[in-house]
Amino acid sequence: MVDVVLISFLKHIKSKNFFDIKKRILVAVSGGIDSMVLLHLMQQTDYQIAVAHIDHNTRSGKSAEDALFIKKYCSDNNIEFHISDFKDDNEDKGNFHQKAHSFRYKFFQSLDCDYIITAHHKDDHIETLVLNFVNGKANKGIPEINGNIVRPLLIFKKSEIEKYAQLNEVPYVEDSSNKTDDYDRNFLRNKIIPQLQSRFKDINEKLINHHIRSRADQELLDKLISEKIKIDKSNFPILISKSSIDCDAQLLYHSIKYFGFNRSQATDMVSALDHTGSIFYSGTHTLLVDRQKIIISDKIDTKTEAIYINLSKLPLSLRFIGHTMRFELVTKIEDESDHICYFPISLIDKTLTLRTWKDGDSFCPNGMNGNHKTIKKFFADSKIDRLTKHQIPLLLSGKDIMWVCGYRSDHRFRHEGSESEFLKVTLSP
């Protein structure tokens, strides 16, 4: 059995071309049997792997023991290990799981890896289909690929994973919370699905086949909608022509549901098409009704913390609200543009600040002979919408704005060409 599972796994990841051999893979490991089997299987490959674990600080300290178990396993097997803690005092179990899920994936994405793989298997897929059905949600299971997240065990049943672990003596820990029926998924797994399976012998295959047919129908619907509605996906944020919606809430809903918006919101959006500036939020995105178009962007975080750049530690690259920024010292100016700025070292502080705009901010835009203009007025004159203005980095020296990044630098920090050393700042999406 061990050879069958391993060979099937290797053939599967090769046939699907999931990974580039030169890229780094992050294995999400809870310590349970599923994730430990996934880790063991990945150890049989030539891929570069690292492990990430979240200690949820639950089960009266037992979760900390799980973390130590994984850390020791990685140490014994010379595997790079990353860990983070999640703490939440909210007693709402459903809310706890939602926040923990969001925290996990934010942590995973923050690490220096190209792919994230999780140990979801075929039984998890079935549970998700049933759970979505009883909650009145779309017939969506667990996707095998979602961005850079890959789930290579979806072809295996839980029983196959258990046999592999037994035959290969894969160590793992038991999570006692999986045995309780307090959570909806556990209740379905422990009580309802076994009864359905005992009465309807081929229910798993029927559910999966129904999901496959529904997915094919959805792909056709998406294709037809894309021909009807004018959606610009060439850059982010996503732009949708208001005129192409034709005041059809159903049409709009099927265009924006992938960003977390629901039918009720789509109805409200259609009613708000004539109200420029209306904003709607999903769990992950923000939608703005602008003059001629609808704009969908990542969820706005108006409380983004400032970042401080120490010029003695250059070159430096960092990420900030959807941008990558590179800071380096150079001795000549070569390729200045809206996204590349040069500042004489003699005119700036040794520590700079990177943040978003605040009410009252002002600067002296280049080309205005040193006259001040508020950032708010600059955004309005530049026709920058309400979503975008919260996602534009501002670079400051002391309290003075040097650059509205990607748009305009400040007159006070302009170079004359005679300076010998410059700070070069490059902005990339």
Side-chain angles (χ1 to χ4, degrees), residues 19 23-32 34-35 38-39 48-58 63-64 66-67 70-71 74 79-90 92-120 124 128 140 142-152 175 177 183 185 236-238 257-261 281-287 296-308 316-325 354-356 387 390-393 428-429:
F19 315 117
K23 303 294 186 179
R24 283 166 49 82
I25 300 173
L26 185 71
V27 188
V29 178
S30 68
D34 304 334
S35 60
L38 174 61
L39 177 56
Q48 306 173 59
I49 62 171
V51 164
H53 174 75
I54 304 293
D55 181 355
H56 293 92
N57 291 279
T58 56
S63 65
D66 297 350
I70 302 167
K71 182 178 181 181
C74 290
I79 301 172
E80 183 180 324
F81 177 66
H82 303 273
I83 185 170
S84 185
D85 288 290
F86 174 77
K87 294 181 181 180
D88 182 55
D89 297 327
N90 195 318
D92 181 351
K93 294 183 176 66
N95 193 41
F96 173 86
H97 279 282
Q98 183 179 8
K99 287 193 286 186
H101 177 273
S102 177
F103 180 88
R104 279 198 300 275
Y105 281 94
K106 282 185 179 179
F107 173 62
F108 297 158
Q109 295 287 8
S110 71
L111 300 174
D112 183 24
C113 286
D114 302 289
Y115 305 101
I116 299 166
I117 61 173
T118 68
H120 293 91
D124 292 323
T128 300
K140 293 171 61 178
I142 301 174
E144 195 168 44
I145 300 176
N146 184 13
N148 69 334
I149 301 170
V150 181
R151 300 178 175 99
D175 186 341
S177 66
Y183 306 114
R185 184 176 288 274
F236 202 76
I238 305 297
K257 63 184 179 182
Y258 300 105
F259 304 104
F261 298 100
Y281 300 94
S282 72
T284 56
H285 290 78
T286 304
L287 182 147
I296 300 174
S297 180
D298 286 330
K299 194 168 185 178
I300 293 175
D301 183 2
T302 56
K303 297 181 180 179
T304 302
E305 293 187 7
I307 294 177
Y308 300 97
L316 169 69
S317 293
L318 54 83
R319 294 179 181 178
F320 187 71
I321 52 171
H323 300 84
T324 297
M325 300 190 68
L354 191 63
R355 63 167 174 82
T356 53
L387 295 189
H390 287 288
Q391 299 174 317
I392 296 174
S428 303

TODO: Could you please spell out the steps behind the side-chain contact (heavy atoms from CB on, under 4.5 Å) verdict for Phe320 and Ile307?
DONE: CA-CA 8 Å; Phe320 187 71; Ile307 294 177; 3.4 Å; yes
Would you give the length of the straight line joining atom [atom1] of [X] to atom [atom2] of [Y], rounded to the nearest 0.5 angstrom?
X      : Y      : atom1 : atom2 : answer
Ile70  : Ile79  : CD1   : CD1   : 11.0 Å
Ile238 : Leu287 : CD1   : CG    : 11.0 Å
Tyr258 : Ser282 : OH    : OG    : 14.5 Å
Arg355 : Tyr308 : CZ    : OH    : 9.0 Å

Open item on the list: Checking side-chain contact (heavy atoms from CB on, under 4.5 Å) between Ile49 and each of Leu39, Ile117, Leu26, which is the one that passes?
Closed with: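 The option that passes is Leu39.
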Side-chain heavy atoms of [X] within contact of [Y], under 4.5 Å:
X      : Y      : answer
Thr118 : Tyr105 : yes
Leu111 : Ile116 : no
Leu38  : Pro152 : yes
Phe19  : Val150 : yes
Phe108 : Ile149 : no

- [ ] Run the numbers on Phe103 and His56 for side-chain contact (heavy atoms from CB on, under 4.5 Å), then give the verdict.
- [x] CA-CA 10 Å; Phe103 180 88; His56 293 92; over 6 Å; no
Task: Leu318 vs Leu354, side-chain contact (heavy atoms from CB on, under 4.5 Å): CA-CA, chis, key distance, verdict - done: CA-CA 11 Å; Leu318 54 83; Leu354 191 63; 3.8 Å; yes
- [ ] Would you tell me whether Thr128 and Arg185 have side-chain atoms, one donor and one acceptor, within less than 3.5 Å of each other?
- [x]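 Looking only at side-chain atoms, Arg185 and Thr128 do form a donor-acceptor pair, the distance falling under 3.5 Å.
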So, for [X] and [Y], which heavy atoms are closest and what is the spacing to 0.1 Å?
X      : Y      : value
Ser35  : Ala28  : CB-O, 3.7 Å
His323 : Gln391 : CE1-O, 2.9 Å
Phe261 : His285 : CZ-O, 3.9 Å
Pro143 : Arg151 : O-NH1, 2.9 Å
Lys71  : Phe81  : CB-CE2, 3.6 Å
Cys113 : Ile25  : SG-C, 4.3 Å

TODO: Mind jotting down which residue pairs meet the side-chain hydrogen bond (donor to acceptor under 3.5 Å, both in side chains) criterion with at least one end in residues 106-116? Sequence neighbours excluded, please.
DONE: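 Residue pairs passing side-chain hydrogen bond (donor to acceptor under 3.5 Å, both in side chains), neighbours aside: Gln109-Asn148.
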Task: Partners meeting side-chain hydrogen bond (donor to acceptor under 3.5 Å, both in side chains) with His53 (sequence neighbours left out) - done: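 With sequence neighbours excluded, His53 shows a side-chain hydrogen bond (donor to acceptor under 3.5 Å, both in side chains) to no residue whatsoever.
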